[in-house]
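Remember, it's 1-based here, ligands and their atoms both numbered in the order they're listed. Treat the numbers as computed from the prediction; the structure is a model and nothing was measured. Note: hydrogens, waters and symmetry copies are ignored here, and every other heavy atom, side chains too, is used.
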Amino acid sequence: MPLDLYCVDPSPPTRAVYLCLKILGLEANKKPISLFKREHLTPEYLKINPQHTVPTLVDDGFVIWDSHAICTYLIGKYGKDDSLYPKDLQKRAIIDQRLHFDTGMLFTSLFQIAYPLIFLKCKEIPKEKQQRARDAYAMLEKFLDGNDYLAGNNYTLADICCVSTTTTLVEAFRVHADDFPNVKAWIQRCKDNIPGYQETIQPGLNIYKGLVDAELN
Ligand SMILES: N[C@@H](CCC(=O)N[C@@H](CS)C(=O)NCC(=O)O)C(=O)O
C-alpha cells in the first residue's frame, strides 16, 4: 500500500492529513513541496494536481487532492470503524457542513490574512478581513455551544480539519481568547484528547508561527 503525500509542514490542510493518517495508523512517504520556491507550479506537479494545491495524496497511482477529500477517502478505505466520519447520513451531513465551513470560512479568512503578510510583506490587515476572521471565530463559538467537539461530544474529522486551520488562524490573527471561550476550550480539548495531535499539528504550527512572527515583530 504505497501512499505518497505531497506536503508542506506549516500548511494547515497538510497537517490535518498528517493527523488523520496518524489516527488511522497509516504511514505515507512525505514528498515536501516548497511554495516559496514555487515547486507547486512546476510542470511535474501540475501534471499530478492541475489545481497546484498542497496536500495531494497518491495511493498506488490514484491521485486525490484537497485535505477533506483526502481524509474522507483514507477513512473510507483504511479506517477500522467509522467514528471519524460516520456512515449515518445525518451525522455525516453535520461533519460535511463543518468541512465546507473550514474551506469556505476558516481557511479563506486565514488565506486572506496570511498570504499578504507572508508572501507580499503587507503588515496591515484590512478591517473587513479582520471582521471576517472574527465572524469565523464567532460561528465556531456557536457550533460549540453545548458540545465538546464540532459535531457532538466525540472528536471527528470536523475537529481534525478545523482545529488545524483555527490554530493557524489564531497565530496569523490574534484575538483575545476570552472573547471566544468555547473556541479556546475546544482547542485545548483537541490538544489533550486527539491522539497524535502534538506530533502532527504542533511542529508545522511552530514553523508557521515563526513565519508570522518574522513579519509582525
Ligand atoms: N481546500 C484545500 C486548500 C489547499 C491549499 O490552498 N493549500 C495551500 C497551502 S496551505 C496551497 O497549496 N497554496 C498554493 C496554491 O494554491 O497555489 C485543502 O483543504 O487541501
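With a 4.0 Å heavy-atom cut-off, ligand 1 is reached by the backbone of Ser67 and by its side chain too. Neither the backbone nor the side chain of Trp65 comes within contact range of ligand 1; no heavy atom lies under 4.0 Å. Contact annotation: for His40 versus ligand 1, heavy atoms closer than 4.0 Å belong to the side chain alone.
Ligand 1 places these atoms under 4.0 Å from at least one heavy atom of Pro55: 20 (O). Near His68, meaning under 4.0 Å from any of its heavy atoms, are these atoms of ligand 1: 19 (O).
Relative ring orientation between Tyr137 and Phe180 is described as tilted, the plane-to-plane angle lying within the 30° to 60° band.
The shortest N or O to N or O distance between Gln51 and ligand 1 is not below 3.5 Å. Between Leu35 and ligand 1, a contact under 3.5 Å exists for no N or O pair.
Counted by atom type alone, Arg98 and Thr156 present zero donor-acceptor pairs between their side chains at under 3.5 Å.
Nearest protein neighbour of atom 3 (C) of ligand 1, counting heavy atoms only, is Phe107 CE2, 4.0 Å. Shortest contact from atom 2 (C) of ligand 1 to any protein heavy atom: Asp66 OD2, 3.3 Å.
Heavy-atom separations between Val8 and ligand 1 are all 4.0 Å or longer.
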